[in-house]
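Structure first, then comments.
Side chains included, hydrogens not; waters and symmetry mates left out as well; all remaining heavy atoms used.
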Amino acid sequence: MSERPRLRIGFLYPDVMNLYGDRGNAVAIVRRCRARGIEAEVVPIGLGDEVRREELDLLLIGGGQDREQRRVAPDLQEKGRAIRAAVDDGMPVLAVCGGFQLFGHRYVDHTGDVLPGIGVFDMETRHPGPRADRCIGDVLVQSPFGELVGFENHGGRTYLAPGQEPLGRVVRGYGNNGEDGTEGARRGNAIGTYLHGSLLPKNPALADALILAALRRRYGDSAELPPLDDRYERLAHEAAAAVARERARRR
Ligand code: GLN
């Protein structure tokens, strides 16, 4: 009998970059793997730890305020080459908000300081300063993974370079910058987004797309994911989407 498939999920800076329950993304992936008989293990990758891309199947990073981003940015530079190589090699990634910003070329923070990013996505982010309005609220996005719903809270405005694909189009909320209708970014199986929530528990199609990409990279293109009973995930999605529609209507 063949062995059970096994996935290792790297979680970058789980103790520093974990705003608004972003840790729930790891929980959702592990749960959806185990429900299908796939063994899943979360590997914390902290400051000073090496990214061993051949041992990892999926990479997560959550959000953090400017202060936390300052703490991790120099260390992330050290990991940049391995992470870019992993993305080029098809590894699925989910980078949220403060983590997403550092996956672009640079983040100019609220004081005007430049934090270098690792350039996974062709984009840059600028914070217009402490007096500018923040982009806060519920977000609905139309994406190749269907409708995504989440919560955003960021001061930085992200601008994609021409040719950089967004994750999707904003239906409600601000998204990357509140101006051009884009939300997030996508390169290969790497996804960046402003959506917290946590995102994956109430967007199971996106969770499964990441898991399937990880499985195929490790075990070959014939790997499939049997469907799960998504009743509660769908209810959570619908409830959050209804709130997003209602709040945006009143704004
Ligand atoms: N510090 C960033 C900003 O405000 C990111 C915040 C976050 O991760 N929610 O733009």
Side-chain angles (χ1 to χ4, degrees), residues 9-13 17-29 58-65 68-69 76 83 87 91-105 107 117-125 134-161 164-211 213-214 233 236-237 240-241 244:
I9 297 125
F11 191 171
L12 280 164
Y13 316 117
M17 302 291 280
N18 175 36
L19 270 182
Y20 309 115
D22 288 335
R23 193 185 298 268
N25 293 328
V27 174
I29 287 177
L58 211 152
L59 193 64
L60 302 175
I61 180 168
Q65 299 298 354
E68 281 86 42
Q69 289 173 291
L76 190 62
I83 294 173
V87 170
M91 189 191 289
V93 172
L94 179 65
V96 177
C97 200
F100 168 47
Q101 293 172 346
L102 293 178
F103 271 49
H105 296 299
Y107 172 45
I118 57 171
V120 166
F121 303 116
D122 195 4
M123 62 179 220
E124 71 168 35
T125 302
R134 294 182 68 79
C135 304
I136 304 179
D138 301 285
V139 199
L140 269 184
V141 177
Q142 216 39 261
S143 84
F145 310 97
E147 180 189 74
L148 302 175
V149 63
F151 169 76
E152 65 184 329
N153 182 356
H154 52 107
R157 271 62 164 178
T158 295
Y159 298 92
L160 306 179
Q164 170 61 64
E165 236 186 294
L167 167 60
R169 311 295 307 176
V170 173
V171 180
R172 295 281 194 280
Y174 298 90
N176 284 342
N177 50 53
E179 296 163 32
D180 63 15
T182 62
E183 208 300 310
R186 212 152 69 93
R187 172 171 156 202
N189 293 318
I191 287 170
T193 179
Y194 273 107
L195 274 59
H196 299 279
S198 7
L199 177 65
L200 297 184
K202 52 183 181 284
N203 295 285
L206 180 57
D208 281 357
L210 293 166
I211 295 169
E233 289 83 347
H237 181 102

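You'll find the side chain of Glu147 reaches within 4.5 Å of the side chain of Leu140, heavy atoms only. For the pair Asn177 and Tyr159, the minimum side-chain heavy-atom distance is below 4.5 Å. The side-chain heavy atoms of Asn18 and Tyr13, taken from C-beta on, include no pair separated by under 4.5 Å. With contacts defined as side-chain heavy-atom distances shorter than 4.5 Å, the pair Val120/Val93 does not qualify. Counting heavy atoms from C-beta on, the side chains of Asn203 and Val149 come closer than 4.5 Å. Counting heavy atoms from C-beta on, the side chains of Leu148 and Thr193 never come closer than 4.5 Å. In this structure, the side chains of Gln142 and Glu183 stay at 4.5 Å or more apart for every pair of heavy atoms. At least one side-chain heavy atom of Leu76 sits under 4.5 Å from a side-chain heavy atom of Phe103.
Between the side chains of Asp122 and His105, at least one donor N or O lies within less than 3.5 Å of an accepting N or O. For Tyr107 and Thr158, the side-chain atoms include no donor-acceptor pair closer than 3.5 Å. Inspection of the Thr182 and Asn176 side chains reveals an N or O donor paired with an N or O acceptor under 3.5 Å. A side-chain N or O of Gln101 and one of Tyr194 form a donor-acceptor pair less than 3.5 Å apart.
Here the shortest heavy-atom pairing between Val87 and Ala190 reads CG1-CB, 3.9 Å. Taking each heavy atom of Pro201 and Gly24 in turn, the nearest pair found is CG-O, 3.8 Å. Nearest approach of Leu167 to Pro144, heavy atoms of both residues: O-CD, 3.2 Å. For the residue pair Gly63 and His196, the shortest heavy atom distance occurs at CA-CE1, 4.0 Å. When all heavy atoms are compared, the tightest approach of Pro204 to Glu233 is CG-CB, 3.6 Å.
Between Phe121 and Phe100, the angle of the ring planes goes over 60°, which puts this pair in the perpendicular group of the 30/60° scheme.
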**Request:** Begin with the C-alpha distance, continue with both residues' side-chain angles, and end with the deciding distance and a verdict on side-chain contact (heavy atoms from CB on, under 4.5 Å) for Arg187 and Glu165.
**Result:** CA-CA 7 Å; Arg187 172 171 156 202; Glu165 236 186 294; over 6 Å; no
**Message:** Run the side-chain contact (heavy atoms from CB on, under 4.5 Å) test on Met91 and Leu59 for me, step by step, so that the C-alpha distance in whole Å, both residues' side-chain angles and the decisive distance to 0.1 Å come before the verdict.
**Reply:** CA-CA 8 Å; Met91 189 191 289; Leu59 193 64; 4.1 Å; yes
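A donor-acceptor contact shorter than 3.5 Å links the side chain of His237 to the backbone of Lys202. Arg157 places a side-chain N or O within 3.5 Å of a backbone atom of Gly155 that can act as its donor or acceptor partner.
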